[in-house]
Number of protein chains: 2
Amino acid sequence: MKEYSIGQLSQQCDVKVPTIRYYEEIGLLEPPARTAGGQRRYPQAARDRLSMIAHARDLGFSIDSIREFIRMSNHPAAPCDDLDLITEKHLMDVQNRIKKLKALETELTAMLKSCDHGRVADCRILQVLSDHDQCQTQH
Amino acid sequence: MKEYSIGQLSQQCDVKVPTIRYYEEIGLLEPPARTAGGQRRYPQAARDRLSMIAHARDLGFSIDSIREFIRMSNHPAAPCDDLDLITEKHLMDVQNRIKKLKALETELTAMLKSCDHGRVADCRILQVLSDHDQCQTQH
DNA sequence: CTAAATGCTCTAGTCTCTGGAGGTTTTATG
DNA sequence: CATAAAACCTCCAGAGACTAGAGCATTTAG
């Protein structure tokens, strides 16, 4: 039943105070209750939601995608037809990112190993990053 | 030895024309040669570089990180001390992302499966995204 | 009870693009 | 070769997602 000030929320979720107000402004966070003096007081649920938003943003999802996630969870009994499409789209996106990041992980690890002697002989990061064979999507 | 117009570069790298000009403006791409009429003509190398930039952006690296990658590759014989730090930072970042994305992949897959009957019983996406146990970094 | 810390609104600025207006150069076609 | 369509140029404005500061009000710790 504890309430949080905007500053406490900010600390706990690692989201800057103006950003929290911005999320409220664009409708990602519900406007919270206010004290008599007009300051925001958030319930626990707001903390959870903000935490989710922060993680999703960190993973590279757009605000619009997050809106979709929220909508999905708000209507857990909704018909799945459109939801399936959205989910599948996100799943492919996620798998794609994982694949690319793994290729990059391999190269970064190799770089660290080959760097033992104080010099980089062959930096392959740029090659890996520009290698079209790593891509799922054709372009 | 072939040269590319900005439009051809745009198509091949899947980067919009104004974005290419923007990258030039902020110094990510070298200003290319111009025709007598003032149009940009890019060498093969520019295509490779732009492709690299596009992939790195797509993977979520900041423009500053890309600048670092470019700097690294421009000085392949530079001492590794600072390079190691940068590389290690990126490696941890990459591994972190992979971890989170995998958790999300699991949930998205589960959602699709449980969705067979036209209803979503339990949408766990938000929980997964807000779960602090998934995090590497403490916050 | 008061001073420091935190919060409020409002405005303006940053970064990374993206699009349009108005005009010029290239390229394809008759 | 002439011309019309396509692509290009610069410059400016706007979008998305924040971020910071000014000026003032409210909370909270001592």
Side-chain angles (χ1 to χ4, degrees), chain A residues 2-43 46-47 49-71 93 97 129 139, chain B residues 2-43 46-47 49-70 97 129 139:
Chain A
K2 198 176 169 297
E3 297 208 309
Y4 302 93
S5 71
I6 198 168
Q8 290 170 331
L9 218 60
S10 168
Q11 276 201 313
Q12 290 185 34
C13 301
D14 198 24
V15 173
K16 301 218 168 82
V17 168
T19 305
I20 297 176
R21 293 198 271 250
Y22 170 72
Y23 285 158
E24 181 182 330
E25 195 185 311
I26 63 171
L28 269 195
L29 287 176
E30 279 178 31
R34 301 279 186 134
T35 63
Q39 300 196 354
R40 291 170 178 81
R41 285 302 115 95
Y42 295 93
R47 210 213 59 147
R49 162 141 313 180
L50 179 57
S51 174
M52 179 283 280
I53 294 171
H55 282 91
R57 289 294 298 138
D58 187 43
L59 286 172
F61 291 98
S62 70
I63 297 285
D64 277 352
S65 293
I66 294 172
R67 271 192 231 280
E68 267 171 13
F69 286 148
I70 291 174
R71 197 164 57 80
D93 181 31
R97 283 175 203 226
L129 281 173
H139 54 248
Chain B
K2 199 176 168 292
E3 297 210 309
Y4 302 93
S5 71
I6 199 168
Q8 290 169 331
L9 218 60
S10 168
Q11 275 202 313
Q12 290 184 33
C13 301
D14 198 24
V15 174
K16 302 222 167 78
V17 168
T19 305
I20 297 176
R21 293 199 270 248
Y22 169 72
Y23 286 157
E24 180 181 330
E25 194 184 311
I26 63 170
L28 270 196
L29 287 176
E30 280 177 30
R34 302 277 187 137
T35 64
Q39 301 197 353
R40 292 169 176 82
R41 286 301 115 96
Y42 295 93
R47 209 213 59 145
R49 163 144 310 182
L50 179 57
S51 174
M52 179 283 278
I53 294 171
H55 282 91
R57 291 295 295 139
D58 188 43
L59 286 172
F61 290 98
S62 69
I63 298 284
D64 277 352
S65 293
I66 295 172
R67 273 193 229 278
E68 266 172 13
F69 286 147
I70 291 174
R97 283 171 201 235
L129 281 174
H139 53 247

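Below, chain A is the first sequence line, B the second, and so on; all start at residue 1.
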**Nearest-angstrom distance from the residue atom CD of A:E24 to P of C:dG7** = 14 Å

**Fill in**
The answer to which of A:Q39 and A:Y22 contacts DNA chain D further toward the 5' end, by nearest nucleotide, is A:Y22

**Short side-chain N/O contact from B:Y23 to OP1 or OP2 of C:dC17, under 4.0 Å** = yes

**Request:** Side-chain contact test, heavy atoms from C-beta onward, threshold under 4.5 Å: evaluate it for B:E3 versus B:P43 and give yes or no.
**Result:** no

**Message:** OP1 or OP2 of C:dT9 versus the side-chain N and O atoms of A:R34: is any pair under 4.0 Å?
**Reply:** yes

**Prompt:** Within the structure, does a side-chain N or O atom of A:R40 lie under 4.0 Å from either OP1 or OP2 of C:dG7?
**Reply:** no

**Message:** Tell me the interatomic distance from B:I66, atom CD1, to C:dT16, atom P, rounded to whole angstroms.
**Reply:** 9 Å

**Request:** Would you please confirm or rule out a distance under 4.0 Å between OP1 or OP2 of C:dT16 and any side-chain N or O of B:T19?
**Result:** no

**Message:** Tell me if the CD atom of B:Q8 is crowded by more than 12 foreign heavy atoms within 6.0 Å.
**Reply:** yes

**Request:** Using a strict 4.0 Å threshold on nitrogen-to-oxygen distance, state whether A:E24 and A:R40 make a salt bridge.
**Result:** yes

**Residue A:S62, side-chain heavy atoms: nucleotide from D:dC8, D:dA17, C:dT6 that is nearest** = D:dA17

**Asked** Reckon B:I63 touches a base, only the sugar-phosphate, or nothing at all at heavy-atom distances under 4.0 Å?
**Response** sugar-phosphate

**Complete:** Ranking B:I26 and A:I6 by the position along DNA chain C of their nearest nucleotide, the one closer to 5' is A:I6

**Request:** Find the distance A:R41:CZ to C:dT6:P and express it as a whole number of Å.
**Result:** 13 Å

**Prompt:** Just to confirm, is there a sub-4.0 Å distance from OP1 or OP2 of D:dC8 to any side-chain nitrogen or oxygen of B:R21?
**Reply:** no

**Request:** Give the rounded distance in Å between these two atoms: CG of B:L28 and C1' of C:dC15.
**Result:** 12 Å

**Phosphate OP1/OP2 of D:dT27: any A:T35 side-chain N/O under 4.0 Å** = yes

**Item:** Residues forming a salt bridge (charged side-chain N to carboxylate O under 4.0 Å, His left out) with A:R67, sequence neighbours excluded
**Value:** A:D64

**Asked** B:L50 CG to C:dC17 P: how many Å, rounded?
**Response** 11 Å

**pair B:I70-B:M52: side-chain heavy atoms closer than 4.5 Å** = yes

**Integer-rounded Å distance: C:dT6 P and A:Y42 OH** = 16 Å

**Message:** Using whole Å, what does the distance between atom C1' of nucleotide C:dT27 and atom CD of B:E3 come to?
**Reply:** 16 Å

**Asked** Between A:L9 (CG) and C:dC8 (P), how many Å, whole number?
**Response** 11 Å

**Item:** Nucleotide nearest B:K16 (side chain, heavy atoms from C-beta), chosen from C:dT18, D:dA17, D:dT27
**Value:** C:dT18

